[in-house]
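Below, read A as the first sequence line, B as the second, and so on, with proteins coming before strands; counting in each chain starts at 1. Since we're looking at a predicted model, the values are computed, not measured.
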Amino acid sequence: MSIVDTLAAEGEATNPIGLPIGEVILGAVGFIVLLVVLGKFVWPQFEKAYAARTAAIEGGIEKAESAQRDAQAALEQYQQQLAGAREEAAKIREDARTQAQAIRDDMLAQAHAEADRISAAGRAQLEAQRQQIVAELRTELGRSSVDLAGRIVGESLTDDERANRTVERFLAELER
Amino acid sequence: MSLTLLAQGLLAAPEGEEEGFVAPTVEHSFFFDRIGDGTVIASVKAMVLLILGVIILCAFFLAASRKAAMKPGKLQFAGESLYGFIRNGIAIEILGKHGKAWAGFLATLFLFIFIQNIWGIVPVAQLPVTSHFAIPVLLALVVWVLYMYVGIRKHGFFGFFKMMCYIPGIPPAMHILLIPIEFLSNIVLRPFTLAVRLFANMFAGHMLITIAGFGAIYLWTSGGVTNFLLGILPAVGGIGLVFFELLICGLQAYVFTLLAAIYLESSLADEH
C-alpha cells in the first residue's frame, strides 16, 4: 500500500472545480496561439486548395462537355456523310440496273429487227426466184406449146406477136 | 457478475494486511504536481501537455498545409479531412452562409478540445487537460462572448435580448414565466452546461480509468492466486475504459463544437 500512501494527497485538497488563474491564462494563450497560427497559415491554405480543386474539377467538366459536344458533332457529320454515301450507292445501283435493262431491251429489239430483216430478205429472194422461175417456165412452156401446136396444126406460128398472144390466152385459161 | 466479484475482491482485505483498498484521490489523479497551494497552477503536467498539444497541432497543420497542392499528399489529405469534417459537417451544415467564416474558429475549437481530451489516454501523458475545470470554462466563456457579441452586433443590444428571451405568439401571461426561463437557459446556462459537460466527462472518465488501474495493481500486489485472477477483471475493464474514453474524447469535442455552432447560429438567425 506504500504506492497509494505516498501518492495520496498531502496537505489541503485542491478544489477540482476551482479556477487556477495560471491555467486559465495558459489555456487562453494556447488557444489564441492555435487560433492565430491555424487561422492565418493553415485554413486559408486549405481553402485555397479546395477552391483550386473546385476550379479544376469545373474546368475539367467543361472540357469534357466541350469534347463531348465535338464528338457529337463529328458523329452527326459522319452519320450524315454515311447516309449520303448510302443514298449515292443506292442511286448508282439503281442507275446501273436501269441501264442494264435498257441495254438488254435494246439488244433484244436489235435482234428482233435483224431476225425480221433476215427473214424478210429471204422471203423476198424466194419470191423473186419464184417469179423468175415462173417467168422462165412460162416462156419455155409457151415456146414448146407453140412449137408443138405448129407441128400439129402445120401452121406456122412463128409470128411472135400472134404466138405470144395465144400463149397468154392459154395460160390465162390454165390459171383460171 | 464481474462487478460483484470485483467488489468482493476490492472490499475483502486480504489476511495479514492491515489496510484494505484505498481508492486514488482527486488530488492524486489530477493535482499531483501543483505549484504551491494550486491556486495559480494546479498541475504542471497538465499545463505542459496543454502547451505540447498546441505545438503538436500547429506543427501538424503547418506541415499539412505547406504545399496546399491540388492533389494532396497523405499528410495534406489528413489535415484537410480534419478541417473539412468540421467545416462541412458542422460550420456549413449549421451556419449555412455564415459557415465558411466560422469554419476556422470551429475547427480550431474542435481540434483544441480533442487533443486536450486525448492526452487522457495517451500513454505516459495520461491526463486529460480538459479535466482541469479552467480549460472548459475558458472555452465556454469564449463561445459565450462570441455568440453574445455577434448577436448584439447583428440585432442590437435590446433586439438581441428580445430575440433570446421573448417567444412571439404565445399568451401574454405566459411571458411572466417564459422570459426568465428563456433568459436563464439561453444566456446563463448555455456556457455553464458547455463547460460542465466537457469537464465532468473528462474528469469522470479519467477517474474511472485510474480506479480500475489502482484496483488491478492492488489485487496483483496483494498476493494470492484468487486476487491475481480477480485482478484481471479491473485490468481488462480498464483497457476497455480506455477505448471507451477514446470515443468520449471525440464525442465531447464534437458536441462542444456542435453546440458552439448552434449557439452562434441562434445569434445570427434573423428570427426567433
Region of [X] in contact with chain A, defined by heavy-atom distances below 4.5 Å:
X	result
R66(B)	backbone
F112(B)	both
A69(B)	backbone
I135(B)	side chain
V129(B)	neither

Discussion item. I'd like to verify something: which residue of T108(B), V137(B), I35(B), V26(B) has the highest number of heavy-atom pairs under 4.5 Å with chain A?
Written reply: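 Most heavy-atom pairs within the cutoff with chain A belong to T108(B).
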Item to complete: Among F199(B), F203(B), Y83(B), single out the residue with the greatest number of heavy-atom pairs under 4.5 Å to chain A.
Response: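 Max contact count across the listed options: Y83(B).
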Item to complete: Describe, in one word, how the ring planes of F105(B) and F31(A) are oriented to each other, choosing from parallel (under 30°), tilted (30 to 60°) and perpendicular (over 60°).
Response: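 Ring orientation, 0 to 90° scale: perpendicular.
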Could you give the distance from [atom1] ([X]) to [atom2] ([Y]), rounded to the nearest 0.5 Å?
X	Y	atom1	atom2	value
I51(B)	L26(A)	CD1	CG	5.0 Å
L111(B)	L35(A)	CG	CG	10.5 Å
N15(A)	E27(B)	CG	CD	10.0 Å

Between [Y] and [X], is there a side-chain heavy-atom distance shorter than 4.5 Å?
X	Y	result
T39(B)	I21(A)	no
F41(A)	F61(B)	no
Y50(A)	E80(B)	yes
F31(B)	P16(A)	yes

Fill in: E23(A) side chain vs S43(B) backbone, donor-acceptor pair below 3.5 Å
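Yes; judged by distance alone, with no hydrogens or angles, the pair exists.
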Worksheet item: Looking only at atom types and distance, does a side-chain atom of Q45(A) sit under 3.5 Å from a main-chain N or O of S65(B), one as donor and one as acceptor?
Response: yes
Item to complete: For Q81(A), look at atom CD and say whether over 12 heavy atoms of other residues, nucleotides or ligands are found less than 6.0 Å away.
Response: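 It does: Q81(A) CD has more than 12 such atoms within range.
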Discussion item. Can you confirm whether more than 12 heavy atoms, excluding those of E173(A), are under 6.0 Å from its CD atom?
Written reply: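 Check passes, neighbour count above 12.
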Looking at chain B, which one of [options] has the largest number of heavy-atom pairs inside 4.5 Å, strictly under?
options	answer
V42(A), V37(A), L38(A), L19(A)	V42(A)
I25(A), L34(A), V29(A)	L34(A)
A28(A), A55(A), A56(A)	A28(A)

Discussion item. Apply side-chain contact (heavy atoms from CB on, under 4.5 Å) to residues E47(A) and R87(B) and explain how you reach the verdict.
Written reply: CA-CA 10 Å; E47(A) 289 290 348; R87(B) 175 187 185 265; 2.6 Å; yes
Discussion item. Going by side-chain contact (heavy atoms from CB on, under 4.5 Å), V33(A) matches just one of V54(B), I55(B), L57(B). Which one?
Written reply: V54(B)
